[in-house]
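These values consider heavy atoms only, across backbone and side chains, with no hydrogens, waters or symmetry-generated copies. A note on names: the letters A, B, ... follow the listed sequences, proteins ahead of strands, and every chain is numbered from 1.
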2 protein chains.
Amino acid sequence: MSLSREEYLPNISYDSVIFGFSGEKLKILILEYHNMKTFALPGGFVKVDEDLNTAVHRGLSERTGLKEVYLEQFYTFGSMDRHNPEIMGRIMKEQGHSDPDHWLLGRFVTVAYYALINYENVTPKPDELSDSIEWYDYDHLPMLMMDHNKIVDKALEHLRTHLDQKLLSINLLPDRFTMKDLQLVYEAILGEDLNRANFQRKMLSLDILERHDKLYSGGSHKAPFLYSFKKKTKT
Amino acid sequence: MSLSREEYLPNISYDSVIFGFSGEKLKILILEYHNMKTFALPGGFVKVDEDLNTAVHRGLSERTGLKEVYLEQFYTFGSMDRHNPEIMGRIMKEQGHSDPDHWLLGRFVTVAYYALINYENVTPKPDELSDSIEWYDYDHLPMLMMDHNKIVDKALEHLRTHLDQKLLSINLLPDRFTMKDLQLVYEAILGEDLNRANFQRKMLSLDILERHDKLYSGGSHKAPFLYSFKKKTKT
DNA sequence: AATTATTGTTTCTTTGTGAAACAATAGTAA
DNA sequence: TTACTATTGTTTCACAAAGAAACAATAATT
């Protein structure tokens, strides 16, 4: 990937809030520019002959190896105070680019997306401008570049209000899971405890789960059923 | 307004779905290029040193004279099949522009917004590329350019699912209105009839209305109360 | 066989919703 | 003045949904 001027649309970028979960805490994928002590959301640019959505999927795939992940676009940020050519210039200089008129130093309107994945399935790779990429607990995010903390907040707000509708598209759980697993996902995302009995009733009433054999975990108690999501029905 | 290359960000546009209402039917503001028999949503471009939201407000103000109208951003459309240089070229030729490399012929990622206004307060003005601008009933929209019909559909879908939260920001009603007026707004937007008693109960329970003196309309029946929206409370 | 931890279900109560009835009242007609 | 009508505000009733707690089942352990 060359980031040459002719290949990409100028002034347009995307940023992605990649939520990760693995049975316990909600995490987010964050890029770091080590020498700069600067943190940022993973993002990218749109090729001149490429769909916006394709570009975002391509970027996620390059960083995580994951394909066919559900990505939800939730807002486009376009205020002038996003423009910070100084810090961008320093990041590029660290990596050996020093053209003072480089298109990356311009002002960007960024389209923001979020995704939800099981972070144990993934070993993230940094891009050509960053030094590393790591999972951070949502509760302990570092200070991010420009307006990226606000972007994270808005992503989570959007996810919380649309969680039920997005459930089927979520890539957080293995094919088969227990009701307890599912409840843990909900509690991590919503940030609050839920009543077990009512949660079970609600999930079953949504009519999106298929019940399978029981899981004999070796625990000295009743074995839980395993569930999977029903295939989406074409309407 | 000159549309010169240096003044605007290339490849980024906005489109606005302006819903209008005046006691009866839901309407939408549509531009027409007469000789082309082409219809489109009113839209515009973002100046290089201007916030995206500011640009959209500026565009709405230029066309309707309205300021401080509530605009909701709901989606950004960025697929390649939005690119149609042929039709854009013909529109520009009609108006005397004929540069085959003009930036307006490029591909655009468009950020879409909607607004709700009382259309009786407004006399819309066409822009420099269009011949006229008119209100069309939502039920009888003409075929619009490119993906603009889809943009309208998605705007209404968004509005319907968020109507309760957006109520306070809606500019459809005068300062004081009856419960009947409010119900007509809901029915026009949702496209269905609502039960009068339950609607009243729900609106009162939202705790966003202030009740004032009765309105003696001259009708031979009980006079309705007038209501206004409570001032937004700062949290 | 008793015990423990956890899961699945049921019950009870409270809250919300849809449909219908009832009550109030501003003008009109007799 | 007195019915009458149209419309509005409120209440009631039936029913569904949601929250809390109790009850029942059961896989391993003691």
Pairs where residues 162-181 of chain B contributes a residue and the test salt bridge (charged side-chain N to carboxylate O under 4.0 Å, His left out) is met, not counting sequence neighbours:
B/E72-B/K166, B/D164-B/K202

Between B/F39 and B/Y33, is the ring centre distance below 6.0 Å?
no

Is it the case that the side chain of B/N171 and the backbone of B/V69 share a donor-acceptor pair, with hydrogens and angles ignored and the cut-off at 3.5 Å?
no

Tell me: CZ of B/F199 to C1' of D/dT8, nearest whole Å?
14 Å

Whole Å only: how far is the CG atom of B/L204 from the P atom of D/dG9?
9 Å

Quick one: list whatever passes side-chain contact (heavy atoms from CB on, under 4.5 Å) with A/R196, sequence neighbours left out.
A/Q183

Tell me: CG of A/L209 to C1' of C/dT7, nearest whole Å?
15 Å

From OH of A/Y227 across to C1' of C/dT7 the rounded distance in Å is 9 Å

On the ring face of A/Y227, is A/R211 found with NZ or CZ under 6.0 Å from the centre and within 45° of the axis?
no

Just to be sure I understand the rule, does B/K180 reach a base, reach only the sugar-phosphate, or reach nothing, if contact means heavy atoms closer than 4.0 Å?
sugar-phosphate

Once the angle between the rings of B/F77 and B/Y75 is folded into 0 to 90°, is it parallel (under 30°), tilted (30 to 60°) or perpendicular (over 60°)?
perpendicular

Send over the distance from B/M203 CE to D/dT8 P, rounded to a whole Å.
16 Å

Could you state the CG-C1' distance from B/D207 to C/dG16, rounded to the nearest angstrom?
17 Å

Going by the rule side chain to side chain donor-acceptor pair (under 3.5 Å), which residues pair with B/S132 if we only count those two or more places apart in sequence or in a different chain?
B/H34

Aromatic plane relationship, A/Y114 with A/F74 - under 30° parallel, 30 to 60° tilted, over 60° perpendicular
tilted

Whole angstrom is fine here: how far is it from CG in A/L206 over to C1' in D/dA17?
13 Å

Going by heavy atoms closer than 4.0 Å, what residues in residues 183-192 of chain A are next to DNA chain D?
none

If only side-chain N and O atoms of A/Q200 are considered, is one of them under 4.0 Å from the OP1 or OP2 phosphate oxygen of C/dT9?
yes

Starting at CG of B/D193 and ending at C1' of C/dG18, how long is that distance when rounded to a whole Å?
14 Å

For residues 139-149 of chain A, which residue pairs qualify under side-chain hydrogen bond (donor to acceptor under 3.5 Å, both in side chains), counting only residues two or more places apart or in two chains?
A/R82-A/D147

Using a cut-off of 4.0 Å between protein heavy atoms and nucleotide atoms, how would you tag nucleotides 20-30 of chain D 5' to 3' with B, S and -?
BB---BBBB--

